[in-house]
Amino acid sequence: MDLENQARIKDLYDKYGKDDLIVVLGGAEPEASGLAAETVATGDPTFAGPLSGVSLGLKAYHIFELKDEIPADVYDEQVGMMEMVLDVDEIVNEVKTYRK
Amino acid sequence: MLKGKKVAILGDRDGIPGPAIEECIKAAGAEVVFSTTECFV
Amino acid sequence: MNYPVVKGAAYALVQANSMLLYQGTTQITERLKNEQSEHLKALPEHLRSYEDAVSYPPNQAYIGNITPDQLKEIPHPWYENPLAGASRDGKYGEIMPEDEFFGLMKMVDSFDLVLLEEAFQAVVKEKLQSHPILKDIKEITKLDSTAHSADEIKKLVAEHDAQPLYFAGKLVGCVKKAHEFDEALSSEVMLGNLANKASAVLVLKHLLAKTDLNPEQVDYIIECSEEACGDMNQRGGGNFAKAIGEICGCINATGSDTRSFCAGPAHALVEAAALVQSGIYSNVVVVGGGSTAKLGMNSRDHVKKGMPALEDMLAAFAVHIGENDGVNPVIRTDAIGRHRIGSGASPQAVMTAMVTDPLDKIGYKITDIDRYAPELQNPEITEPAGAGNVPMANYKMISALAVKRGDIQKADLMKAVESIGMPGFAPTQGHIPSGVPFIGHARDMLLEGKLERAMIIGKGSLFLGRLTNLFDGVSMIIEKNSGVVEADTGFDQEQLRKMIAEAMRDFAKTFRE
């Protein structure tokens with residue numbers, strides 16, 4: 001996960017706390033999406049950024065997982081086509097792992 | 001689940017970009033506090 | 001309508017292990033944080049030899065020795081399936097080793113910023129003097145000028161912020177900063193800009209050598225990389241285009257730089273087509289050199305996965321756009337696709353603006369285009385880095401749109417994905433993968449009658465500049481030439497009007513007399 005973005009997430013955590021703040025991902029691929037979810041939950045596993053060894057405990061969801069929460073017409077317009085393009089199940093399974 | 005929450009968005013240029021997720025999150029009644037799009041290429 | 005045509009295309013690669021280690025931004029950042037980092041320690045073990053880079057199948061596809069369809073038949077991982085008998089010389093260009101490239105950088109350096117060590121300079125001078133297309137560049141005499149001692153270079157690197165140049169494990173040169181305080185002229189920026197200029201010169205020389213175009217015939221050059229050239233008072237002042245043309249002997253050309261991240265080349269091609277079709281210029285060259293910053297950009301992931309550091313290639317391309325000759329493939333300037341400011345950022349909005357809107361304009365279906373060349377990033381580079389298979393995702397998006405529009409049945413989606421695409425074969429050099437690597441192959445296939453039309457798609461991530469969240473993209477259709485060259489009717493009509501007016505005046509005069 002981008003180093004600057006790690007710093008931003010850390011700042012937001014300090015401001016809003018872990019109960020109010022959630023992270024929503026748009027990753028193209030299971031591993032990278034999982035990596036982002038892991039980084040905001042238990043820390044940067046690559047030890048490259050400001051979240052190295054910092055366990056924020058934030059919950060991350062891929063936008064695919066939030067389909068039911070979003071008005072159908074908006075979801076279809078903004079995300080719909082990508083359900084046909086990306087591997088939805090694999091991405092969702094991977095991201096889910098880090099919310100346990 | 002989304003209603004009333006603060007949301008940080010990490011979009012992906014080759015997946016779903018930040019602004020597209022933003023539209024969804026706003027429509028679901030949550031507040032977007034950060035939105036970005038990552039690019040690996 | 002007389003559409004402009006694609007008269008030729010050239011492609012060049014430079015293997016750049018030293019610049020990957022010392023000027024790639026991933027490594028620069030790593031070094032700033034921790035000079036002893038695990039990544040920096042492990043990375044040298046993952047660098048490829050020059051021979052491995054030459055025989056790497058996607059590189060052979062880039063310089064035109066195999067077609068994208070032939071590449072598709074080679075099993076992954078490509079780095080374990082080298083192409084037997086691969087040559088550095090390609091149908092469209094070449095793959096240059098880094099030592100010769102350092103020599104070329106010195107040749108194109110107008111401000112004596114590139115210093116080479118004495119023995120090294122003598123060796124590369126000899127190599128470049130026998131290089132088939134570079135030996136006639138008059139600036140080759142720069143390799144006669146004072147070379148520098150190893151100690152002198154070492155001191156400049158250690159004490160004066162010069163960028164080191166290594167070859168075969170030895171410090172063989174450096175690039176100095178061009179100003180004491182100006183960050184826009186720092187050694188890092190100067191090295192990047194000089195490497196960009198040198199790789200663009202290499203590819204433009206190939207274009208001139210491999211096609212009928214003479215340097216004196218070039219009217220205009222559009223440079224479209226992602227670098228910025230200028231000093232602190234005009235950081236992106238330009239002009240790479242003229243600097244490149246100067247070395248290549250394009251004495252009658254002027255030019256300018258066009259920028260739009262990875263979509264730059266597509267914008268530049270549209271501008272070139274417009275300049276030619278309007279009659280302002282007859283011969284326009286679009287050129288883009290390589291990016292040192294992006295070398296080894298995803299090398300952390302490649303190292304972690306035990307792969308070679310595949311992002312070791314500087315890439316460059318040049319395309320010649322000229323007037324309709326009845327032979328070469330045309331650019332359909334009546335169906336240019338563009339991501340508008342108001343198009344929106346969702347993937348379907350982007351693809352609609354770039355693919356289906358222009359097709360609708362001329363009454364074509366998605367299936368009327370034989371091949372789409374969107375972003376042609378090599379998936380072997382992007383998949384381990386978490387960006388997935390970018391061209392494949394684009395083909396799926398285009399096919400999904402085709403299903404939505406009823407151009408194809410949903411059951412045929414994967415079949416369409418297979419038939420409209422090609423594997424990605426371009427290095428992740430930003431502006432390079434965006435559609436343009438296919439132009440050379442497409443031109444050949446169109447001339448041979450293997451294709452009717454292809455669409456070139458360039459996409460750009462404008463949000464990386466932190467001025468807007470907008471996305472960008474431009475597309476164009478390249479089509480087989482109908483063989484009909486229309487007479488220039490506009491000029492004739494004007495002539496005719498003048499002649500009639502004169503005749504009427506004379507006639508009226510006879511009445512008055």
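If you're wondering where the values come from, they're calculated on a predicted model, not measured in any experiment. A note on names: the letters A, B, ... follow the listed sequences, proteins ahead of strands, and every chain is numbered from 1. Worth knowing before you read on, the calculation uses all heavy atoms, side chains too, and leaves out hydrogens, waters and symmetry mates.
The contact between A:Leu66 and chain B is made entirely by side chain atoms (from C-beta outward), counting heavy-atom distances below 4.5 Å. Proximity to chain A (any heavy atom under 4.5 Å) is restricted, for B:Glu38, to the side chain, taken from C-beta onward. Heavy-atom distances place both the backbone and the side chain of A:Leu25 under 4.5 Å from chain B.
The two atoms that bring B:Ala28 and A:Pro71 nearest to each other are N-CD, 4.2 Å, heavy atoms only.
Taking CG of A:Asp2 as the start and OG1 of B:Thr37 as the end, the distance is 11.0 Å to the nearest 0.5 Å. For the atom pair CD (A:Glu29) and CG (B:Asp12), the distance works out to 9.0 Å, reported to the nearest 0.5 Å. Between A:Arg8 atom CZ and B:Thr36 atom OG1 the span is 8.0 Å, to the nearest 0.5 Å.
The candidate with the highest count of non-hydrogen atom pairs below 4.5 Å against chain A, out of B:Ser35, B:Gly29, B:Gly11, B:Cys24, is B:Cys24. Taking B:Gly15, B:Gly4, B:Pro19 one by one and counting their heavy-atom pairs under 4.5 Å with chain A, the maximum is reached by B:Gly15. Per-residue counts of heavy-atom pairs under 4.5 Å with chain A were compared for B:Glu31, B:Glu23, B:Lys26, B:Arg13; the largest is that of B:Glu23.
Proximity of a side-chain donor or acceptor of B:Asp14 to a complementary backbone N or O of A:Ala28 within less than 3.5 Å is not detected.
Annotation: residues 72-84 of chain A contacts chain B through A:Val74, A:Tyr75, A:Gln78, A:Val79, A:Met82 [non-hydrogen atoms, separation under 4.5 Å]. Taking non-hydrogen atoms and a 4.5 Å limit, the residue list of residues 11-24 of chain A in contact with chain B, ordered by number, reads A:Leu12, A:Tyr16, A:Asp19, A:Asp20, A:Leu21, A:Ile22, A:Val23, A:Val24.
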